[in-house]
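Take a look at the structure set out below.
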Amino acid sequence: MSKEFSCTQRVSQQLQKELAVILQREIRDSRMGMVTISDVEVSRDLAYAKVFVTFLCVGEQTPEDSLAALKEHEAHIRMMLGKRIRLRLTPEVRFVYDNTLVEGMRMSNLVSEVVNSDKRRAEESGREEEE
């Protein structure tokens with residue numbers, strides 16, 4: 001019988017939960033908007049964790065500034081993770097901006113524009129046939 005989840009998948013899920021709690025409750029930085037962790041990829045040796053984040057930016061905040069602020073807290077976040085999770089080695093955390101949500105919205109808008117322009121063309125051609 002094969003394993004349903006590998007060790008790396010279980011660790012990445014646990015890291016995602018713990019990081020979400022840490023970012024929500026422990027890290028206070030006015031440069032960051034609301035942070036959402038979309039995915040965590042852990043290396044096979046569990047030494048590195050690539051954390052994909054998205055930001056809800058308010059006012060003058062930008063994703064780039066928020067990511068830079070988050071990267072400044074990497075060492076502190078790793079220390080807090082080590083206290084919360086029982087692993088032989090606490091993974092080194094690397095934050096990466098995840099633009100899939102923004103790209104998905106852009107693609108959806110493009111599709112909507114094309115559908116609307118097709119409807120307009122169909123209506124215009126239907127009017128021309130009636131005349």
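Heads up: numbering here begins at 1 and tracks the sequence.
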Legend entry - Derivation and outcome, salt bridge (charged side-chain N to carboxylate O under 4.0 Å, His left out), residues Glu103 and Arg106: CA-CA 5 Å; Glu103 279 298 307; Arg106 187 182 72 81; 3.1 Å; yes
Interatomic distance, [X] atom [atom1] to [Y] atom [atom2] [nearest 0.5 angstrom]:
{"X": "Ile22", "Y": "Lys83", "atom1": "CD1", "atom2": "NZ", "answer": "10.0 Å"}
{"X": "His73", "Y": "Leu23", "atom1": "NE2", "atom2": "CG", "answer": "9.5 Å"}
{"X": "Gln13", "Y": "Asp39", "atom1": "CD", "atom2": "CG", "answer": "10.0 Å"}
{"X": "Leu19", "Y": "Ile27", "atom1": "CG", "atom2": "CD1", "answer": "10.0 Å"}
{"X": "Leu67", "Y": "Glu72", "atom1": "CG", "atom2": "CD", "answer": "10.5 Å"}
{"X": "Thr8", "Y": "Glu41", "atom1": "OG1", "atom2": "CD", "answer": "10.0 Å"}

Between [Y] and [X], is there a side-chain heavy-atom distance shorter than 4.5 Å?
{"X": "Tyr48", "Y": "Pro91", "result": "no"}
{"X": "Val11", "Y": "Ser6", "result": "no"}
{"X": "Val53", "Y": "Val96", "result": "no"}
{"X": "Gln24", "Y": "Val35", "result": "no"}

Inset, instruction - Could you list the residues that satisfy side chain to side chain donor-acceptor pair (under 3.5 Å) with Gln14, not counting sequence neighbours? - result: Glu18
Inset, instruction - Consider only side-chain N and O atoms of Ser38 and Asp98, and report whether a donor and an acceptor are under 3.5 Å apart. - result: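 Note: Ser38 and Asp98 side chains meet the donor-acceptor criterion.
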Inset, instruction - Establish, from distance only, whether the side-chain atoms of Asn109 and Ser112 form a donor-acceptor pair under 3.5 Å. - result: no
Legend entry - Side chain Ser108, main chain Gly104, donor-acceptor under 3.5 Å: no
Legend entry - Arg78 (side chain) donor-acceptor with Thr90 (main chain) under 3.5 angstrom: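 Yes; judged by distance alone, with no hydrogens or angles, the pair exists.
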Taking a hydrophobic cluster as the set of Ile, Leu, Val, Met, Phe, Trp and Tyr residues connected by side-chain heavy atoms closer than 4.5 Å, whether directly or through intermediates, do [X] and [Y] fall within one such cluster?
{"X": "Leu87", "Y": "Leu81", "value": "yes"}
{"X": "Tyr97", "Y": "Val93", "value": "yes"}
{"X": "Ile37", "Y": "Val21", "value": "no"}
{"X": "Phe52", "Y": "Phe55", "value": "no"}

Inset, instruction - Answer yes when Glu123 and Arg121 have at least one side-chain N-carboxylate O distance shorter than 4.0 Å, and no when they do not. - result: no
Inset, instruction - Please determine if Glu26 and Arg84 form a salt bridge, counting it only when a charged side-chain N lies under 4.0 Å from a carboxylate O. - result: yes
Legend entry - Residues Ile77, Leu70; criterion side chain to side chain contact (heavy atoms under 4.5 Å, CB included); working and verdict: CA-CA 9 Å; Ile77 291 170; Leu70 195 55; 4.2 Å; yes
Inset, instruction - Taking atom CE of Met79 as the centre, report whether more than 12 heavy atoms of other residues, nucleotides or ligands fall under 6.0 Å from it. - result: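 For Met79, atom CE is crowded (more than 12 foreign heavy atoms under 6.0 Å).
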Inset, instruction - List the atom of Ser12, the atom of Gln9, and the distance in Å for their closest heavy-atom pair. - result: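 Nearest pair, atom of Ser12 first, then Gln9: OG-O, 2.9 Å.
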